[in-house]
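Here is the structure we will look at, set down as C-alpha cells.
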Amino acid sequence: MKVPSASLDLARRDADLSQLELWLRYFGLGGMTPALEFEAILMGMLDATDHDRDVIAHALNERFSELGRNHPVPYSDDES
Amino acid sequence: MTALGKLAGSVVAEHGRVVVAVHGEIDIATAPQFRALMDAALAFGGPQVTVDMAGVEFMDAQALTVLGRVAKRLSIGGGRLVVQAPSAHTYRVFQLTRLVGLLGVEPPMSTTALGPGLETLAIGPHARDLLDASLELVVSVAADVINGADGVSITLPSSSGFATVAASNDVVLGMDHDQYATGQGPCLDAARNGERYVTALLSDEPRWPDFVPKARVRGIQSILSTPLLAPDRTLGALNVYSSHPEGIADPELEWADRFAQAAATLLQRAESTQGEMALMADLQGRLVTRDVIAVARGILMQRLGVTQEEAQATLIRASRSTSLPLATVCAEVVESSRPPPPDAGA
C-alpha cells in the first residue's frame, strides 16, 4: 500500500512531533535522507522510495507506541 | 595619576573630551575610589566621558553600578559615556549582563582573542546558575542606578503561576510574594499584559485592593512594573519599588525599560541555548542507536547475503512482529553474533 506523504505529515502532527524531531527519530533508525529533503518529502514536494517511507512509518509507529497507542501508520507491504 | 590601593587612575580633559584611564581592580574595596574618579570626570561637564579600561584586570558589579550612574547622568544632560578597550574578561562581564549598549561599551580591539564565550563554556547545570547570577546583577545594578528605587526584582511565569527569579533585597521579594498570594498587583499585570504599570502613590491606588494594603504595611509608596518583552510575547516583568511618594517618575521609567530590555535579552538567549542543548543531547542518543542499527544491518547483509536496504527492511519487520523497538531488535542481533570467549568449550 502506497502511503501518501500528506498522511505521513498528518500522522506526524498527530504524534506531536516537529519535522526536525521526526527526522531525528528517522535518522536514529538508520534513515539516510538529509533533513532538508526529509522535510520536502513530508511536504509532498519530493517522492520517497517505499523503503524510505517504511522507515518514516516505523519512526512514527515507535513514537505512537511510546504514547501508549497502537501502530496506525501502514507500511508498504500492508494489505490495502 | 593617583594610586589608591589596587586601583589607580587619571582624568584628562582636552578639546572638550574627558578621558578617564583606569588601572587595577574594581571591586567592593576600590569602588569608592572609582566613583570619585568618575565624579571628577563628570565635574568637567561632559558632554562625553570616555573610560579607558585597558588597564582594568578585574571588575565586578560595583563597577557596573558606578558606570551605570555615570551613563545615566551624562545621557540626561544630552551627553554619553563611552567605555573603551575593555579586556576580554571585562567585556564578558558587560556582555553577560547585556549592559553593553546601555553603558556604551566598545568591543575589545581583538574580538578573535576572546575565545569561546562563557555562555558556551557554561553548558549543562551551570547554564542555569549563570542566568540567575546575571539576572541578580541586572537587578542590583538597576536598583542602584534608578533614582528613588528601594529595590528591584524580576517576575517570571512558573509552573505554579509566577515566581521571583532575582530580587535586590528581601522587602521587594516580600512585595512580589504578596502579589502572587493575592493574585493581583502591577507585577502580575505587567507580566500578563505586556504593558507598563505605574503607581505614583499607593494610598490613592484603586486597582489591586487586596494587595495594596500589604504593600503599604511594608512601607512602599510607589511602584513601577515594566514588562520584559520578546518580539512575539511577554516574558515577565521588572519591578521597581520605592518608599517615596512619586518615587519613580521620568526619566527613571525609561531607565527601568532599558534594564528590562537587558533582562529580556538574557532570558531569550538562555532559552535558545537550552533548546540547542536539548537537541544536542537528543542527537547524541540517536547517533548511538543509529550505530547499533548499522552494525545489525551489516551482520544481516553478511548472514543472508542481502542488500543494505533489504537488511533494514528485515529488521523493521522483526521489530513490527515482536513489537520491540528497532534499536532493541538490533541490539539483540549484535549480541547474538558476538564471538564466543576464546576459552569457550576448553
Side-chain angles (χ1 to χ4, degrees), chain A residues 1-3 5 7-8 11-12 15-39 41-42 46-80, chain B residues 123 232-233 271-337:
Chain A
M1 177 181 147
K2 189 91 171 169
V3 187
S5 303
S7 70
L8 285 178
R12 171 188 69 79
D16 195 23
L17 292 174
S18 70
Q19 292 189 340
L20 181 60
E21 283 167 335
L22 178 57
W23 178 79
L24 275 168
R25 287 169 172 270
Y26 158 87
F27 177 78
L29 296 184
M32 301 286 188
T33 302
L36 199 65
E37 289 162 38
F38 183 84
E39 284 183 25
I41 289 172
L42 289 182
L46 276 184
D47 269 338
T49 61
D50 280 355
H51 173 73
D52 228 8
R53 279 166 194 278
D54 283 349
V55 181
I56 299 172
H58 201 67
L60 283 164
N61 284 331
E62 287 203 346
R63 162 71 171 174
F64 283 118
S65 284
E66 289 167 21
L67 297 174
R69 295 163 60 176
N70 57 12
H71 285 189
V73 185
Y75 297 83
S76 56
D77 60 354
D78 281 350
E79 299 293 317
S80 39
Chain B
I123 289 178
D232 54 339
R233 70 213 147 95
E271 272 180 9
S272 67
T273 308
Q274 260 172 0
E276 283 161 23
M277 276 159 43
L279 196 65
M280 289 302 289
D282 189 43
L283 181 58
Q284 218 162 27
R286 299 206 184 277
L287 277 173
V288 173
T289 59
R290 187 179 159 90
D291 233 28
V292 173
I293 290 168
V295 172
R297 217 164 43 204
I299 292 168
L300 286 201
M301 284 164 71
Q302 212 203 3
R303 232 185 245 171
L304 309 175
V306 294
T307 67
Q308 183 167 305
E309 248 180 40
E310 285 164 344
Q312 174 100 14
T314 305
L315 289 164
I316 287 181
R317 272 196 300 278
S319 163
R320 285 163 61 188
S321 61
T322 56
S323 290
L324 289 171
L326 184 59
T328 309
V329 170
C330 292
E332 280 171 9
V333 171
V334 173
E335 188 61 32
S336 72
S337 72

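The sequence lines fix the lettering, A, B, ..., with proteins before strands; numbering per chain opens at 1.
With a threshold of 4.5 angstrom between heavy atoms, B:Gln308 approaches chain A through side-chain atoms but not through N, CA, C or O. Using a 4.5 Å cut-off between heavy atoms, B:Ile293 contacts chain A through its side chain alone, with no backbone atom that close.
No salt bridge links A:Asp54 with B:Arg320; every basic N to acidic carboxylate O contact stays at or beyond 4.0 Å.
The environment of CD in A:Glu66 is crowded: more than 12 heavy-atom neighbours from other residues, nucleotides or ligands sit within 6.0 Å.
Contact between B:Ser319 and A:His58 at its shortest, heavy atoms only, is OG-NE2, 2.7 Å.
Residue with the most contacts toward chain A among B:Ile316, B:Leu283, B:Val288: B:Ile316 (heavy-atom pairs, distance under 4.5 Å). Note on A:Leu29, A:Val55, A:Asp52: by heavy-atom pairs under 4.5 Å with chain B, the leading option is A:Leu29. Chain A forms the most heavy-atom pairs under 4.5 Å with one residue out of B:Val292, B:Leu315, B:Thr289, and that residue is B:Thr289.
Rounding to the nearest 0.5 Å places CG of B:Asp282 at 7.5 Å from CZ of A:Arg25. B:Leu326 contributes atom CG, which lies 12.0 Å from atom CG of A:Asn61 (distance to the nearest 0.5 angstrom). Note that CD of B:Glu309 is 9.0 Å distant from CE of A:Met32, once rounded to the nearest 0.5 Å.
Under the 3.5 Å distance criterion, the side-chain polar atoms of B:Arg290 are left unmatched by any main-chain donor or acceptor of A:Tyr26.
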